[in-house]
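Worksheet: the structure to be examined is printed underneath.
Proteins come first, then strands; the chains are lettered A, B, ... in the order of their sequence lines, and each starts at number 1. Excluded from the calculations below are hydrogen atoms, water molecules and symmetry mates; all remaining heavy atoms, backbone and side chain alike, are included. Here the structure is a predicted model, which means the values were calculated and not measured.
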Amino acid sequence: MAEDLVLDTAIRDWVLIPLSVVMVLIGVLRYFVSKLMRSFQVPDPKIVKEGQVIVRARNLRAAANFIPPKSFRSRRVYFSNEENGLLFVPKGQAQNAQAQMFSDPNMAMDMMKKNLSMIIPQTLTFAWVNFFFSGFVAAKIPFPLTQRFRSMLQNGIDLSTVDVSYVSSRSWYFLNLFGLRGLFSLILGEENATDDTQRMMQMSGFGFDPSKSLSAEKDGLDIVQHEWALPKFEHRAEAVLKKLVN
Amino acid sequence: MVSETEETQLNSLENQVDNGGGGAWEYLCLVRKLKVRRSEKVFKYGLSILNDPKKRSALGPEEWTLYEQVAIAALDCQCLDVTKDCIKVLQKKFPESKRVGRLNGMLLEAKGSWSEAEKAYSSLLEDNSLDQVIHKRRVAMAKAQGNISEAIELLNKYLEIFMADHDAWRELADIYVSLQMYKQAAFCYEELILSQPTVPLYHLAYADVLYTLGGLENLQTAKKYYASTIDLTGGKNTRALFGICLCSSAIAQVSKGRNREDKESPELQSLAATALEKDYKQRAAGKLGLLTSALRSMKF
């Protein structure tokens with residue numbers, strides 16, 4: 001089974017390269033369309049405030065040793081106080097973020113638009129690839145694979161004796177789908193709408209979940225032990241001055 | 001805060017442009033990036049670029065940013081007609097723009113028509129209640145009208161939402177110090193130190209406020225912060241050196257008769273005094289006599 005199939009160079013000229021070129025063009029087109037369709041989203045004051053609270057709490061944790069212990073303690077109480085501490089989120093509110101995202105009509109529309117702009121070109125290109133470029137071996141993967149990949153990579157090829165390394169053009173399509181992300185970030189700059197894989201990961205994480213980060217910050221703040229660094233500075237200043245004077 | 005390398009770069013560019021060496025556009029871009037306030041130069045060079053149609057078309061889409069920059073610089077130099085022209089051009093190009101609306105508000109502010117400016121800003125805030133720049137302009141207006149308490153109120157409300165904005169904390173600290181509300185000013189300076197612990201300026205200001213508040217504990221804390229300033233600036237900050245001497249003598253006075261705890265750094269005062277003398281010898285030898293007599297009178 002280890003015979004080397006010789007693949008026609010015409011395959012390279014007429015299948016692999018056009019497929020890549022078409023995918024790049026479609027990606028660029030999608031980027032411009034998404035730019036046109038982007039609506040201005042008014043930032044939610046609550047979310048902005050929470051973001052800023054987190055930054056401030058993080059600063060407090062990081063530089064806690066630079067301020068006197070009394071001030072640190074009063075700030076810690078201000079943040080993690082049970083009644084009206086900024087970081088304290090009662091359990092009931094924790095689930096709000098997701099429900100809010102669904103009920104807010106603007107956000108739902110936005111998400112739908114983004115999803116559509118991702119799904120439609122993908123579906124169309126996939127169908128096009130299947131229609132035109134199926135039924136033949138398109139490329140050979142340079143490393144050997146197990147038999148399990150046969151159904152995934154060799155979809156159009158109905159011979160079961162062909163080595164799994166020989167794949168159909170569908171797998172080239174998938175390879176391009178994930179691989180062109182780097183190319184797009186080069187030509188389109190950061191923040192392009194073609195970042196499908198990132199979007200897919202985001203869909204499972206549901207974006208900004210403020211309550212979790214707040215409670216994480218609160219826990220971090222509770223753990224911090226204040227060790228005032230300033231007395232050390234007096235010694236260091238002495239050393240500096242000694243060097244300066246002598 | 002502008003770093004040292006950026007400052008030297010800015011100054012060298014400025015010299016180059018002043019002496020007719022070209023590079024005005026780079027200078028303007030750098031000023032815009034660093035957000036420094038060099039309004040006269042910006043006004044002069046920006047206007048010369050804008051009035052020359054060839055140079056103007058060479059800028060392309062950056063032309064509008066330059067119009068905005070020159071408009072603000074003209075407001076600072078009180079050339080309101082230039083500002084009006086710039087705003088007219090921008091309005092023709094971007095009719096519904098919030099940035100142009102903001103410039104209009106600033107123009108009304110500069111003319112002194114406070115109520116109209118307030119109306120303009122509130123209408124802009126209705127569209128987007130989270131526009132940081134407009135909030136800050138309202139605070140500036142209140143301060144310019146002399147209504148300091150309202151400025152404090154507005155600034156506090158702003159900081160409730162945008163509490164990570166260290167420029168606002170700095171402004172609030174300045175206002176409190178001007179009103180002698182030192183405890184509140186100390187709080188603001190603590191916030192600044194928390195967000196940027198390696199900037200010696202904040203340590204110094206905090207130490208100043210603590211020293212002004214007085215009381216043994218505050219004086220000791222102030223001394224520590226003067227020491228940290230010295231550490232962060234490598235001993236070159238004269239004010240911190242003076243601060244150490246003054247703090248030590250004040251502590252000695254306050255704790256006269258009480259058991260003096262063993263100082264952790266007994267040599268600090270004498271070292272600071274020596275460093276001061278050395279500095280004065282180098283830079284202002286004429287005043288050395290004043291210095292030595294003052295230090296002697298502090299006698300620790």
Side-chain angles (χ1 to χ4, degrees), chain A residues 39-79 84-87 214 217 221 224 226-246, chain B residues 127-132 159-166 169 186-187 189-198 202-203 206-207 210 217-218 220-221 223-236 240-241 244 263-279:
Chain A
S39 54
F40 177 64
Q41 201 182 25
V42 175
D44 189 15
K46 204 153 165 281
I47 295 197
V48 168
K49 178 173 177 178
E50 276 162 356
Q52 299 263 328
V53 165
I54 290 183
V55 173
R56 191 174 168 200
R58 210 173 288 156
N59 281 337
L60 179 63
R61 224 179 346 141
N65 296 330
F66 281 98
I67 53 174
K70 234 192 308 170
S71 336
F72 172 71
R73 258 172 280 152
S74 62
R75 282 187 166 80
R76 183 157 60 179
V77 166
Y78 176 58
F79 274 117
N84 52 7
L86 289 180
L87 291 179
L214 283 184
E217 280 299 325
L221 206 54
V224 170
H226 185 255
E227 206 192 277
W228 200 20
L230 264 298
K232 257 191 287 160
F233 274 108
E234 278 200 33
H235 295 290
R236 280 165 67 163
E238 248 186 70
V240 165
L241 282 181
K242 261 195 214 141
K243 242 193 297 168
L244 198 65
V245 165
N246 296 335
Chain B
D127 296 328
N128 179 11
S129 64
L130 291 178
D131 192 341
Q132 296 189 354
L159 277 170
E160 256 177 40
I161 308 182
F162 296 101
M163 46 177 84
D165 186 353
H166 57 93
W169 283 113
F187 183 83
Y189 280 125
E190 280 165 11
E191 284 293 324
L192 286 170
I193 294 183
L194 277 179
S195 59
Q196 291 174 315
T198 50
Y202 302 143
H203 289 251
Y206 187 46
L210 284 175
E217 209 181 299
N218 283 332
Q220 286 173 331
T221 323
K223 187 160 167 215
K224 296 196 170 66
Y225 276 99
Y226 279 126
S228 73
T229 315
I230 293 184
D231 184 39
L232 286 168
T233 55
K236 299 216 187 79
L241 293 169
I244 296 257
K263 293 286 159 43
E264 304 119 355
S265 46
E267 301 187 339
L268 196 54
Q269 306 94 291
S270 38
L271 276 175
T274 332
L276 268 176
E277 282 175 3
K278 190 162 173 225
D279 199 19

Between atom [atom1] of [X] and atom [atom2] of [Y], what is the distance when rounded to the nearest 0.5 Å?
X	Y	atom1	atom2	result
A:Gln52	B:Leu159	CD	CG	9.5 Å
B:Leu192	A:Phe66	CG	CZ	14.0 Å
A:Arg56	B:Phe162	CZ	CZ	14.5 Å
A:Ile67	B:Ile193	CD1	CD1	8.0 Å

Would you list the pairs meeting side-chain hydrogen bond (donor to acceptor under 3.5 Å, both in side chains) in which at least one residue belongs to residues 63-72 of chain A, sequence neighbours left out?
-> A:Ser71-B:Glu190

In short, A:Ala63 meets B:Leu194 closest at the heavy-atom pair CB-O, 3.2 Å

Would you call B:Met163 and A:Val53 a side-chain contact if the rule is heavy atoms closer than 4.5 Å?
-> yes

Quick one: what part of [X] sits under 4.5 Å from any heavy atom of chain A, side chain, backbone, both or neither?
X	answer
B:Tyr189	neither
B:Glu277	neither
B:Ala240	neither
B:Leu241	side chain

Does A:Arg75 count as lying over the ring of B:Phe187, i.e. NZ or CZ under 6.0 Å from the six-ring centre, within 45 degrees of the axis?
-> yes

Please indicate whether B:Gln132 has more than 12 foreign heavy atoms, meaning atoms of other residues, nucleotides or ligands, lying under 6.0 Å from its CD.
-> yes

